[in-house]
**Q** 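The structure is given below, and queries will be raised subsequently.
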Amino acid sequence: MKRFILFALFLSLLLLPGCRREATFSLEDGRYVPEETGADGIAVPYLLLQDGRLAVIQKIAVSYQPSGTVTKDGNKIVMETIYANEPYKWTFILTDDNTLRFSAAKSSIPLRPEDWKDGMKFVLAEEEG
């Protein structure tokens, strides 16, 4: 009986690390800018998150900016929209509180997809005021 209890204890200790849950990070409303801004100091594209909606600002002087609903599943963030009658989505992974990493393989984006590098990080901007 002692052997069985020791074996059961040993087995449960081996399996315990597989039961741990990954930390879920928070995502606050605000403006998310690329972690690394270009040499010109202009941070585009950037993201505006407010009340469960996300707008993607790809070019500052363009009248249409894609926007849509945001869904959060653990650390996976997906924004979906319709542009020119076609569905598009931006997929991000929260890597820390208020830090998003773009996942190109799980996204389909309109217009200049070359502006979106896989792994591109966006961080919550500190607003002055």
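The structure displayed is predicted, hence computed values, not measured ones.
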**Q** Is any side-chain heavy atom of Tyr32 less than 4.5 Å from a side-chain heavy atom of Leu49?
**A** yes

**Q** Apply side chain to side chain contact (heavy atoms under 4.5 Å, CB included) to Val78 and Val70, showing your working.
**A** CA-CA 6 Å; Val78 178; Val70 174; over 6 Å; no

**Q** List for me each residue that meets side-chain hydrogen bond (donor to acceptor under 3.5 Å, both in side chains) alongside Glu28, sequence neighbours excluded, and say none if there are none.
**A** Asn98

**Q** Determine, using ring centers only, whether Phe122 and Trp116 are less than 6.0 Å apart.
**A** yes

**Q** Rounded to the nearest 0.5 Å, how far does CE of Met120 lie from CZ of Phe92?
**A** 9.0 Å

**Q** Any idea which heavy atoms bring Lys89 and Ile109 closest together, and the distance?
**A** O-CG2, 3.7 Å

**Q** Would you say that Phe102 contacts Trp90 through its side chain, given a criterion of any heavy-atom pair below 4.5 Å between the two side chains?
**A** yes

**Q** Can you sort out the partners of Asp96 under side-chain contact (heavy atoms from CB on, under 4.5 Å), two or more places apart, ordered by chain and number?
**A** Phe25, Thr99

**Q** To the nearest 0.5 Å, tell me how far Thr91 OG1 sits from Lys106 NZ.
**A** 7.5 Å

**Q** Backbone N or O of Asp97 within a donor-acceptor pair of the Ser26 side chain at under 3.5 Å?
**A** no

**Q** Can you check whether Arg31 reaches Leu47 side chain to side chain, under 4.5 Å on heavy atoms?
**A** no

**Q** Ile77 versus Thr71: any side-chain heavy-atom pair under 4.5 Å?
**A** no

**Q** Are the side chains of Thr69 and Arg53 in contact, using a 4.5 Å heavy-atom criterion?
**A** yes

**Q** So, taking the atom named CG in Leu100 and the one named NZ in Lys76, what distance separates them when rounded to the nearest 0.5 Å?
**A** 14.0 Å

**Q** May I ask you to decide if Ala104's main-chain N or O and Asp118's side chain share a donor-acceptor pair within less than 3.5 Å?
**A** yes

**Q** In the single-linkage hydrophobic clustering (I, L, V, M, F, W, Y; side-chain heavy atoms under 4.5 Å), do Leu124 and Ile93 co-cluster?
**A** no

**Q** Donor-acceptor check, side chain of Lys72 to backbone of Gly74, threshold 3.5 angstrom: yes or no?
**A** yes

**Q** Counting N and O atoms only, with roles assigned by atom type, does the side chain of Thr81 sit under 3.5 Å from a partner on the main chain of Ser67, one being a donor and the other an acceptor?
**A** yes

**Q** Heavy-atom distance under 4.5 Å between the side chains of Pro87 and Glu80, does that happen here?
**A** no

